[in-house]
Amino acid sequence: MTTPKKTSTKSKTKVAAPTAAPVTKVDTDSAPKAATATPAVVETLAPVVVSNEMRKKELFALVVERSGHKKKDVKPIVEAMLAVLGDALSEQREMILPPLGKLKVQRGKELADGRALVLKLRQKTSQLTPAPAPVAAE
């Protein structure tokens with residue numbers, strides 16, 4: 001048994017798909033221009049200081065150089081002095097230590113791994129001693 005085909009009385013109209021006009025030229029005149037860096041010639045090189053920290057090792061070397069004593073004699077004295085200074089700071093004592101200056105604890109904060117102190121150091125320029133001039137070897 002075959003079924004008859006259904007025919008519709010309406011006619012179907014085909015609509016063409018919209019097409020965009022092809023792009024042939026990009027307008028670059030209105031686009032902002034990138035800033036160009038002007039090269040500069042550097043005639044002199046300046047050293048870059050990576051860190052201005054002084055460690056104990058450097059402190060020992062400087063004390064040995066200034067005092068003229070041996071490192072084995074200087075090291076225990078400097079370590080004892082640092083311990084005394086640390087104890088005085090923890091007690092928030094004001095210290096008057098020429099030529100270093102007058103040192104005062106402004107405020108402190110307890111942290112999980114220690115203590116943070118804000119210090120005030122006042123130095124008089126007349127008390128500062130310059131490093132001794134190096135001795136010329138003969």
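On a predicted model such as this, the values are computed, not experimentally measured, just so you know.
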How many angstroms lie between [atom1] in [X] and [atom2] in [Y], if you round to the nearest 0.5 Å?
X	Y	atom1	atom2	answer
L103	L85	CG	CG	8.0 Å
Q123	L100	CD	CG	6.0 Å
I96	K104	CD1	NZ	10.5 Å
L97	M81	CG	CE	9.0 Å
E94	K102	CD	NZ	4.5 Å
L117	K109	CG	NZ	12.5 Å

Over all atoms of both residues, closest heavy-atom pair of [X] and [Y]:
X	Y	result
M54	L62	CE-CD1, 3.6 Å
V74	H69	CG2-CB, 3.8 Å
M95	A88	SD-CB, 3.7 Å

Inspect the contact between E53 and R55 and indicate whether a charged nitrogen and a carboxylate oxygen are less than 4.0 angstrom apart. yes
Taking side chain to side chain contact (heavy atoms under 4.5 Å, CB included) as the definition, give me every residue that meets it alongside R107, ordered by chain and number, with sequence neighbours left out.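 Partners of R107 under the side chain to side chain contact (heavy atoms under 4.5 Å, CB included) test: V118.
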Determine whether I77 and V63 make a side-chain contact, defined as any pair of heavy atoms from C-beta on separated by less than 4.5 Å.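 Side chain of I77 against side chain of V63, heavy atoms only: no contact under 4.5 Å found.
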For the backbone of G101 and the side chain of R122, can you confirm whether one donor and one acceptor N or O come within less than 3.5 Å of each other? no
Would L82 and L59 count as a side-chain contact (heavy atoms from CB on, under 4.5 Å) if you check the C-alpha gap in whole Å, the side-chain angles of each, and the deciding distance to 0.1 Å? CA-CA 11 Å; L82 290 174; L59 179 63; 4.1 Å; yes
Show your working on side-chain contact (heavy atoms from CB on, under 4.5 Å) between L111 and R115 and close with a plain yes or no. CA-CA 5 Å; L111 302 173; R115 176 184 301 159; over 6 Å; no
